[in-house]
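The structure appears right after this line, and notes come after that.
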Amino acid sequence: MDSKFKQTFFFTFLLFGIVLTTVSAQEDNSAKIPAKGYAAMTAGRRFVPYEFERRGVGENDVLIEILYAGICHTDLHQVMEDWRKGIFPMVPGHEIVGRVSQTGKNIQSVKIGDYAGVGCMVNSCGECEQCRKDEEQYCPKTIWTYNCLDTDGIPSQGGYSDKIVVNEKFVVKIPEEAPLERMAPLFCAGITTYSPLRYHRVKPGDNLAVAGFGGLGDMAVQYAIAMGAKVTVFDVNEGKRQSAIDLGVAKFVNVRNEKELDGLNGSFDLILSTIPTRYDAGMYLRMLKVDGAMVLLGMPPKDQTPIIPAAALTGRRKIYASLIGGMKETREMLDFSVKNKIYPHVEIIPIQKLDEAFQNLAEGKAPFRYVIDMKSLNDAK
Ligand code: NDP
Ligand code: ZN
């Protein structure tokens, strides 16, 4: 062999070695990751410890060690199959915060050790009209955080677990100074209420109502007040009157007490309803001013759709439903919340209390938001 040939041979061999090492490193990265959490094995409110696998960390993915997960009323609808047939075993949870523990090679927005949050979506097509408008929640191919088939056909699993792998676009960096144990609900309850308030450009002096004062209602009231609106709260639970007053509402109405409803017709610019069961939407529509709007955020079970009398819509009153918010707006919501110190009121529970928490939620005995402390996953059942 002459020396030039030897040199070429050597470099080709070296290159081949580098390529092989890179490929095998990528293979290692794509190796499945063992995970554990709590799952409902069939429809119902019973959870058991459950071990499963997350996909490997791809080049656009982030691995998050979950620290806290909120319990949204949607989780209850999903395990009860209130809207549609569920995919079981089901690990619910779409209000997630944790610490980044691994990043794919293209990741720039977060680094290992950062705190990060994930909400109701973990992917979308990225190309359709809605994705281009930063409204990934209306993409026809959105991958929901759980109870949905991922692009590889494997069911997505949510935040009642120790870790999650998510496409970077759906991961939001949380500032160091934020109160971590209160952050998780922002990624569903927060964005779901912030988005329609921004859509309606709520401004000082607007007269606004929030019907249903639970996890979403708590956030809606705080955002609307921070935007300068005068806020009235409607709920069925007398025990929540003082909390509403403490937040600075103009009025708390217990809808079970008819007298308190007197004189409210024609008074609101905007009503957000977070009510999760059947109710008479006509009562609220009549309380709107001419050209006012009612936004349905609460999603009652399919056999409990709210009653909407056409006559109550005269005066060009509008009614429509809104679904969470896009990722750009989620980042904006997080900045707004941190800047104005707007955080949910939470009760932290160990994961072993899931069954009890779901029962309380179903019976109207839950606090504003339960948040699971994921450290408890390692405790005995
Ligand atoms: P919560 O259970 O925390 O809050 C619901 C509140 O509504 C409770 O305070 C409840 O009182 C109250 N309520 C029940 N019935 C009535 C009534 N007839 N009139 C007035 N108030 C009533 O639920 P969440 O806030 O977590 O979720 C609310 C709904 O929003 C659910 O349907 C959920 O699926 C949906 N959702 C929708 C999203 C979207 O993108 N559109 C995103 C997230 C959630 P009590 O506790 O005493 O029963
Ligand atoms: Zn939710």
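The model shown is predicted, which means the values in this text are computed figures rather than measured ones.
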Is [X] atom [atom1] crowded by more than 12 heavy atoms from other residues, nucleotides or ligands, each under 6.0 Å away?
X: K230; atom1: NZ; value: no
X: Q108; atom1: CD; value: no
X: E363; atom1: CD; value: yes
X: K353; atom1: NZ; value: no
X: K141; atom1: NZ; value: no

[X] side chain to [Y] main-chain N or O, any donor-acceptor pair under 3.5 Å?
X: D206; Y: K203; answer: yes
X: E81; Y: G86; answer: yes
X: T232; Y: A209; answer: no
X: Q157; Y: V91; answer: yes
X: R369; Y: P185; answer: no
X: N207; Y: S267; answer: yes
X: R317; Y: L285; answer: yes
X: D373; Y: P350; answer: no

Salt bridge check, [Y] against [X]: does any charged N sit closer than 4.0 Å to a carboxylate O?
X: E238; Y: R241; value: yes
X: R55; Y: D150; value: yes
X: K105; Y: E59; value: yes
X: D162; Y: K36; value: no
X: E135; Y: K133; value: no

- Walk me through it: do L67 and M374 pass the test side chain to side chain contact (heavy atoms under 4.5 Å, CB included)? CA-CA 5 Å; L67 296 169; M374 220 47 72; 5.6 Å; no
In terms of side-chain heavy atoms, does [X] have a donor or acceptor partner in [Y] at a distance below 3.5 Å?
X: N254; Y: E260; answer: no
X: Q242; Y: D246; answer: yes
X: E356; Y: N360; answer: no

Of all the heavy-atom pairs spanning [X] and [Y], show the shortest one and how long it is.
X: G215; Y: A189; result: O-CB, 3.8 Å
X: L261; Y: V255; result: CD1-O, 4.1 Å
X: V236; Y: R256; result: O-NH1, 3.5 Å
X: V171; Y: A116; result: CG1-CB, 3.7 Å
X: Q130; Y: C139; result: CB-N, 4.0 Å
X: V371; Y: E181; result: CG1-O, 3.9 Å

- Item | Among F252, Y284, F213, ring-ring contact (aromatic ring centres under 6.0 Å, His included) partner for F234 | Y284
Counting C-beta onward and ignoring hydrogens, is there a side-chain heavy-atom pair between [X] and [Y] closer than 4.5 Å?
X: C128; Y: R132; value: no
X: Y370; Y: E347; value: yes
X: P300; Y: R278; value: no
X: P92; Y: T74; value: no
X: I351; Y: K375; value: no
X: H345; Y: R182; value: yes
X: P276; Y: H77; value: yes
X: L323; Y: Y138; value: yes

- Message: Under the criterion side chain to side chain donor-acceptor pair (under 3.5 Å), I'd like the reasoning laid out for N60 against N106: C-alpha separation, chi angles, the key distance, then a yes or no.
- Response: CA-CA 6 Å; N60 298 313; N106 296 339; 2.9 Å; yes
What's the separation between atom [atom1] in [X] and atom [atom2] in [Y], rounded to the nearest 0.5 Å?
X: R286; Y: N265; atom1: CZ; atom2: CG; answer: 7.0 Å
X: I112; Y: D114; atom1: CD1; atom2: CG; answer: 9.5 Å
X: L180; Y: Y343; atom1: CG; atom2: OH; answer: 10.5 Å
X: I143; Y: S124; atom1: CD1; atom2: OG; answer: 8.5 Å
X: C72; Y: H94; atom1: SG; atom2: NE2; answer: 3.5 Å
X: M294; Y: S273; atom1: CE; atom2: OG; answer: 4.5 Å

Same cluster or not: are [X] and [Y] linked, directly or through other Ile, Leu, Val, Met, Phe, Trp or Tyr residues, by side-chain heavy atoms under 4.5 angstrom apart?
X: V48; Y: L354; result: yes
X: M121; Y: I154; result: no
X: I372; Y: V79; result: yes
X: I87; Y: W83; result: no
X: M219; Y: L296; result: no

- Item | Worked verdict on V166 versus T145 for side chain to side chain contact (heavy atoms under 4.5 Å, CB included) | CA-CA 9 Å; V166 183; T145 306; over 6 Å; no
- Task: Using the side chain to side chain contact (heavy atoms under 4.5 Å, CB included) rule, take E329 and D134 through it: C-alpha gap first, then chi angles, then the decisive distance, then the call.
- Result: CA-CA 8 Å; E329 198 169 43; D134 295 309; over 6 Å; no
- Task: Check step by step if side chain to side chain donor-acceptor pair (under 3.5 Å) holds for Q359 and D355.
- Result: CA-CA 6 Å; Q359 185 169 345; D355 290 10; over 6 Å; no
- Quick check, are the ring centers of Y223 and Y194 under 6.0 angstrom apart? yes
- Item | F358-F47 aromatic ring centre distance below 6.0 Å | yes
- Begin from the C-alpha positions of M183 and Y115 and carry the test side chain to side chain contact (heavy atoms under 4.5 Å, CB included) through to its verdict. CA-CA 10 Å; M183 297 305 280; Y115 292 125; over 6 Å; no
- I96, V172, T192 screened by side chain to side chain contact (heavy atoms under 4.5 Å, CB included) with F187, the one that passes: V172
- Item | Test: K32 cationic atom under 6.0 Å from F52 six-membered ring centre, within 45° of axis | no
